[in-house]
Undergrad: 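The following block contains the structure, expressed as structure tokens.
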Amino acid sequence: MSLNGRTVAVFALGGTIATTASPATGGVVPALSGKELLGGVPQLSALGVTLRIHDFRRVASASLTLSDLDALHAAIAAELDAETVDGVVVVQGTDTIEETAFHLDLLHQGDTPVVFTGAMRNPTLPGPDEPANLYAAVIAAAGPWLRDAGCVVVLGDEVHAARTVQKSHTLDTSAFTSPGAGPLGLVADRKVRLHQRLPHRTVLPGNTEAQTNARTVRVALHTVTVGDDGTVLDLPDGRCEGLVVAALGGGHVPE
Ligand code: DAS
């Protein structure tokens, strides 16, 4: 199917995919604009897809906040209200892609797909995965295959549902998996080949006062480990309104 004439809105948030070498630190820092990122993939112009590029944030994804994610949701909703857009691509760091995609999946209304992508290798390394991931993400967002899929993550040509995807390796370029479910499909030959039916989504009602208030509530997370004597459980006392205990196995904790 030709994607010529389709329109995709791209929101750039930073991450490894947008980094350049930093002589000051000897490492890399997010520096590329959305236009620079997409301009580095000449094959995109042959698709004939119009790209509406938004520089939304330029940070490592660990620095994204829930307010950023709510603002991203609002910006995507505003874009979809104002423009005829076939799909949305969010480009960000991979460290929190499973969290941001899931957060947006709970809020995103309508049938326009929102495709999250990033890169495991920074652009200064040999064989960076950035161009292929951007290319696949734009194809997935532009076409009809993922309508009603809500938010998905596309990396390494695989399409994963936001509710199942995990970053399951720190460095591997095939780090993204959906344990127990598998990928929804594969981007190949300029189309998405779906392996499964699209999963049922739970979408929260539009922005309510309760959701806004929820942002001011602090909830701690404790991961139970072998030898855990429970001392750490006292730390959030008086500082948090709630505590989530990630227990062992099916919810087991030491006696
Ligand atoms: N730089 C990290 C991040 O921003 C890792 C990455 O993008 O892959 O999440």
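Quick caveat, the model's predicted, so the values are computed rather than measured. Scope of the values below: all heavy atoms of this structure, side chains included, with no hydrogens, waters or symmetry mates.
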Undergrad: For side chain to side chain contact (heavy atoms under 4.5 Å, CB included), just list the numbers for Leu37 and Ile53, CA-CA rounded to whole Å, side-chain angles, deciding distance to a tenth of an Å, and then say yes or no.
TA: CA-CA 10 Å; Leu37 263 175; Ile53 304 171; over 6 Å; no
Undergrad: Could you check if a side-chain atom of Val90 sits within less than 4.5 angstrom of a side-chain atom of Thr100, using non-hydrogen atoms only?
TA: no
Undergrad: Using 4.0 Å as the upper bound for N to carboxylate O, is an ion pair formed by Arg147 and Asp111?
TA: yes
Undergrad: Can you list everything that forms a side chain to side chain donor-acceptor pair (under 3.5 Å) with Asp81? Sequence neighbours excluded, please.
TA: none
Undergrad: Have Thr16 and Thr19 got a donor and an acceptor in their side chains that come within less than 3.5 Å?
TA: no
Undergrad: Measure the shortest side-chain to side-chain distance between Ser178 and Arg163 over non-hydrogen atoms and say whether it is less than 4.5 angstrom.
TA: no
Undergrad: Would you list the pairs meeting ring pair (Phe, Tyr, Trp, His ring centres under 6.0 Å) in which at least one residue belongs to residues 181-202, sequence neighbours left out?
TA: none
Undergrad: Going hydrophobic residue to hydrophobic residue with side-chain gaps under 4.5 angstrom, can you get from Val115 over to Ile17?
TA: yes
Undergrad: Charged N to carboxylate O under 4.0 angstrom, Arg52 versus Glu79?
TA: yes
Undergrad: Could you check whether Ser174 and Asp172, counting side-chain N and O atoms only, form a donor-acceptor pair closer than 3.5 Å?
TA: yes
Undergrad: Does His108 use its side chain to pair, donor to acceptor, with the backbone of Thr112 at less than 3.5 Å?
TA: yes
Undergrad: Treating Ile, Leu, Val, Met, Phe, Trp and Tyr as nodes and any side-chain heavy-atom pair under 4.5 angstrom as an edge, say whether Val114 and Val159 lie in one connected cluster.
TA: no
Undergrad: Strictly distance-based, threshold 3.5 Å: is any side-chain N or O of Thr117 a donor or acceptor partner for the main-chain N or O of Val154?
TA: yes
Undergrad: Applying side-chain contact (heavy atoms from CB on, under 4.5 Å), name anything that partners Ala74, two or more places apart in sequence or on another chain.
TA: none
Undergrad: Does a side chain donor of either Thr65 or Asp68 reach within less than 3.5 Å of an acceptor in the other side chain?
TA: yes
Undergrad: Testing the basics here: between His169 and Ala175, what is the closest heavy-atom pair and its distance to 0.1 Å?
TA: O-CB, 3.3 Å
Undergrad: Suppose we screen for side chain to side chain donor-acceptor pair (under 3.5 Å). Which residues come up paired with Asn122, at least two apart in sequence or across chains?
TA: Thr124
Undergrad: So, using side-chain contact (heavy atoms from CB on, under 4.5 Å) as the criterion, who are the partners of Pro179 when residues are at least two apart?
TA: Gln166, Thr177
Undergrad: For Asp86, does its backbone N or O pair with a side-chain atom of Arg6 as donor and acceptor, under 3.5 Å?
TA: no
Undergrad: Show your reasoning for whether side chain to side chain contact (heavy atoms under 4.5 Å, CB included) applies to Leu194 and Val192.
TA: CA-CA 6 Å; Leu194 286 172; Val192 174; 4.0 Å; yes
Undergrad: Share the residues that join Leu233 in a hydrophobic cluster, the rule being Ile, Leu, Val, Met, Phe, Trp or Tyr side chains under 4.5 Å apart at the heavy-atom level.
TA: Val224, Leu243, Val245, Leu248, Val253
Undergrad: Between the main-chain N or O of Gly156 and the side-chain N or O of Asn133, is there a donor-acceptor pair closer than 3.5 Å?
TA: yes
Undergrad: Does any non-hydrogen side-chain atom of Leu134 lie less than 4.5 Å from one of Pro131?
TA: no
Undergrad: In Å and rounded to the nearest 0.5 Å, what is the OG1 to CG distance from Thr84 to Leu80?
TA: 10.0 Å
Undergrad: Look up atom CG in Leu106 and atom CG in Leu204, then write down how far apart they are to the nearest 0.5 Å.
TA: 5.0 Å
Undergrad: Just to verify, what does Ser33 make a side-chain contact (heavy atoms from CB on, under 4.5 Å) with, not counting sequence neighbours?
TA: Lys35, Glu36, Asp55, Arg58
Undergrad: Sort and list the pairs that fulfil ring pair (Phe, Tyr, Trp, His ring centres under 6.0 Å) and have at least one residue in residues 5-48, not counting sequence neighbours.
TA: Phe11-His54
Undergrad: Are Leu146 and Met1 grouped together when hydrophobic residues (ILVMFWY) are joined by side-chain heavy atoms under 4.5 angstrom apart?
TA: yes
Undergrad: Do Leu104 and Phe116 have side-chain heavy atoms sitting under 4.5 Å apart?
TA: yes
Undergrad: Please list, chain by chain and in numerical order, all residues satisfying side chain to side chain donor-acceptor pair (under 3.5 Å) with Thr94, sequence neighbours excluded.
TA: Lys167
Undergrad: Starting from Leu125 and following side-chain heavy-atom contacts under 4.5 Å between hydrophobic residues (I, L, V, M, F, W, Y), which residues can be reached?
TA: none
Undergrad: Measuring from Leu155:CG to Ile97:CD1, what's the distance to the nearest 0.5 Å?
TA: 5.5 Å
Undergrad: Are the side chains of Leu32 and Thr20 in touch, meaning some heavy atoms are under 4.5 Å apart?
TA: yes
Undergrad: Would you call His103 and Leu66 a side-chain contact if the rule is heavy atoms closer than 4.5 Å?
TA: yes
Undergrad: Working to the nearest 0.5 Å, report the span between OG of Ser168 and CD of Glu98.
TA: 8.5 Å
Undergrad: How far apart are the closest heavy atoms of Pro113 and Ala141, and which atoms are they?
TA: CG-O, 3.9 Å
Undergrad: Looking only at heavy atoms, which two atoms of Ala246 and Leu221 are closest? And how far apart?
TA: CB-CD1, 4.3 Å
Undergrad: When you compare the side chain of Val8 with that of Val88, does any pair of heavy atoms fall below 4.5 Å?
TA: no
Undergrad: Any side-chain to backbone donor/acceptor pair from His160 onto Phe176? Under 3.5 Å, distance only.
TA: yes
Undergrad: In chain order, what residues pass the side-chain contact (heavy atoms from CB on, under 4.5 Å) check against Tyr135, with sequence neighbours excluded?
TA: Val41, Gln43, Leu44, Leu47, Ile139, Arg190
Undergrad: The criterion is side chain to side chain donor-acceptor pair (under 3.5 Å); which residues satisfy it with Thr96, sequence neighbours excluded?
TA: Ser61, Gln92
Undergrad: Kindly indicate whether the side chain of Asp228, heavy atoms from C-beta on, has any atom under 4.5 Å from the side chain of Pro254.
TA: yes
Undergrad: Report the distance from atom OG1 of Thr231 to atom CG of Leu235, rounding to the nearest 0.5 Å.
TA: 8.5 Å
Undergrad: Has the side chain of Gln196 got a donor or acceptor atom that lies under 3.5 Å from a matching backbone atom of Pro183?
TA: yes
Undergrad: Specify the closest pair of heavy atoms between Ala12 and Gly34, including all atoms of both residues, with the distance to one decimal.
TA: CB-CA, 3.8 Å
Undergrad: Decide yes or no on side chain to side chain contact (heavy atoms under 4.5 Å, CB included) for Val59 and Leu13, but give the supporting numbers first.
TA: CA-CA 6 Å; Val59 294; Leu13 274 60; 5.7 Å; no
Undergrad: Are Ile76 and Leu38 connected into the same hydrophobic cluster when the rule is that any two of I, L, V, M, F, W, Y join if their side-chain heavy atoms are below 4.5 Å apart?
TA: no
Undergrad: Can you list the steps and then say if Val219 with Glu241 is a side chain to side chain contact (heavy atoms under 4.5 Å, CB included)?
TA: CA-CA 6 Å; Val219 177; Glu241 282 74 23; 5.7 Å; no
Undergrad: Give a yes or no on whether Val91 and Leu69 share a hydrophobic cluster (residues Ile, Leu, Val, Met, Phe, Trp, Tyr; joining criterion: side-chain heavy atoms under 4.5 Å apart).
TA: no
Undergrad: State, to 0.1 Å, how close Pro30 and Ala60 come at their nearest heavy-atom pair, and which atoms those are.
TA: CG-N, 3.8 Å
Undergrad: Quick check: are there more than 12 heavy atoms from other residues, nucleotides or ligands sitting under 6.0 Å from CZ of Phe56?
TA: yes
Undergrad: Distance from Ser63 atom OG to Arg57 atom CZ, nearest 0.5 Å?
TA: 12.0 Å
